[in-house]
Amino acid sequence: MNFLQVLIDNLRKGPATEPFPFGDASTPAAYRGRVAIDQDACVGCRMCEHVCAGGAIRFAEDNEALHLVIWHNTCVSCGLCAVYCPTKAITLTNNWHVSHRQEDKYKQVDHVTIPYSACTSCGVVFLKAQDPLMQLAYKTVGANETRLRDLCPDCRRVESSRGARP
Amino acid sequence: MTRTFDIPIGPLHVALEEPMYFKVGVEGETITALDLYAGHVHRGIEYLTAKRNIYQNMVLLEHVCSLCSNSHPETFAMTLEAIAGIEVPPRAHYLRMIADEIKRTASHMFNVAILAHIIGFDSLFMHVMQAREIMQDVKETIFGNRMDIAANIIGGVRYDLDATSIAFLLNQLDQLEPVLRDEIIPIYATNRSVLSRTKGIGHISRADCVDYGLMGPTARGSGLAYDVRQVAPYSAYGEIEFEAQSLPDGDVWSRAMVRLKEALSSIAILRECVRRLPPGPISAGPLPRIPAGEAIAKTEAPRGELVYYVTTDGTDVPARVRCRVPSYMNWEALKVMMKGGHVSDIPLIVNSIDPCVSCTER
């Protein structure tokens, strides 16, 4: 094989590289880019924190809510959080434009709040099972399930066993 | 009169841009002795695995080495599956093989491209890298990343192929195969510049390969046709027919040719895997319980036999993870390969074992 022929062929084909930044670079649909979290679908199960390889996802709590915090600069885009998320609240977008100015490096953070509810019986603040979790756990969410989920774990135990024989 | 002295080479920019320090004893232009000093990029990954749970470790071990980044988590998952007695579904076995062979093709082409770069044949280097880009596009499109393809989870895989992605994969193979078979391999086989720099250089005999425990294309370039995929088939390699590539000469050229032929055979294996891809689930379930136990698993990484040993204590944090990488033994063989060689051939010989410092030092 004459290498000159290869060179001529390649010359005829033109550039093999993407024209970025002067043109668009193609991004496949499966590309694992910046993580996005759907606030409404997150149920605060903490599975993403458990599997996060880089420790980019952390949970914190205060009196009113559970907070999911993701540091995008610590994220390695492995996508484990998306794989293990039971409600598919986490997705990896195709956004690979993650460069930013040095002074913005501590601002590459996303924050999701999952508010606590007060128990309708005793008033204790607790993390209520959110709608996506209810849909995942029950075929149909009836009146009984809806009533029970507004109770804190202790009251729910009492309520569920009411009328049961010892 | 010839003078004898030691020259320091490295730690940076010997063949690959990874640090390894060579103390080369020379007599005039001829190499008489070699000492290796490693440890410049030791990251303590084996220690870190005992600080993380098995899910995090799948990602951590993927980052041991970018070119074998499928083999490490795959082998680690295989040990856990052995400990827990998890039955990996047949479709997952085939998908694992597909991921493996895609990585192998890209890895071999990368090494062979670097060979061209070292001998100063940069237009050939660019040509091979451009052809390799076909495989990089496959990785990016099917797995979502060019290097860390994250194909495996414990008990199976986390990606699936549908009709569109299979068509894309086959189309990319159709593009790559003729370039590899009709352009790249004939150039490496006949081009005078390539032959004059690589034929008869860095010789190691088959007997020395056995003595040094060499693995992968390095050993197969000396006629030692040891391929884990055939000797101890894992996944579904036992169901697929292919030949272990080997050449008898044991020089730099033979090792490069073995890699090129393996890349070609990987393409054939990929086609066969896609053709036989069985239906069914892609993993054994989301959260396996791993009991206390220990296991060993081995796979054929692009550089040779990769062995993992894992001890678990019933929690999801492993008690001990140990890996033996093929590069570790291959480094020592440089002492044989370089003896009597010329100083100018040092990078070429180093590259011919396809060294991986990040695997070696972890």
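Chain letters run A, B, ... following the sequence lines, proteins first and then strands; every chain starts at 1. As the structure is a prediction and not an experimental result, all values here were calculated from the model.
- Residue I149(B) touches chain A through its backbone alone, counting heavy-atom pairs closer than 4.5 Å.
- Side chains of V51(A) and M58(B) form no contact here, defined as non-hydrogen atoms less than 4.5 Å apart.
- No more than 12 heavy-atom neighbours from other residues, nucleotides or ligands sit within 6.0 angstrom of CZ on R58(A).
- Contacts of F121(B) with chain A are made by side-chain atoms alone, with heavy-atom separations under 4.5 Å and no backbone atom involved.
- Residues F3(A) and S123(B) come closest through the heavy atom pair CE2-OG, 3.3 Å.
- Of the atoms belonging to E140(B), heavy atoms from both backbone and side chain fall under 4.5 Å from chain A.
- Taking CG of N10(A) as the reference point, atom CE of M126(B) lies at 10.5 Å (rounded to 0.5 Å).
- F20(A) CZ: more than 12 foreign heavy atoms inside a 6.0 Å radius.
- L287(B) places a side-chain heavy atom less than 4.5 Å from the side chain of Y84(A).
- Interface remark: L92(A) contributes no atoms to any contact with chain B (heavy atom separation under 4.5 Å).
- Contact count against chain A (heavy-atom pairs under 4.5 Å) is highest for H127(B) among R52(B), H127(B), R146(B).
- Considering only heavy atoms from C-beta on, L80(A) stays 4.5 Å or farther from Q56(B) through its side chain.
- Counting heavy-atom neighbours within 6.0 Å of D24(A) CG, excluding the residue itself, gives a total of 12 or less.
- K139(B) NZ: more than 12 foreign heavy atoms inside a 6.0 Å radius.
- For a residue to count as touching a neighbouring chain, one of its non-hydrogen atoms must lie under 4.5 Å from one of that chain's; by this rule I54(B) does not touch chain A.
- The two atoms that bring T141(B) and P28(A) nearest to each other are CA-CB, 3.6 Å, heavy atoms only.
- A donor-acceptor pair under 3.5 Å is formed between the side chain of N53(B) and the backbone N or O of H50(A).
- Here the closest non-hydrogen pair linking C78(A) and R158(B) is O-NH2, 2.7 Å.
- Proximity to chain A is absent for every atom of D137(B), based on heavy atoms less than 4.5 angstrom apart.
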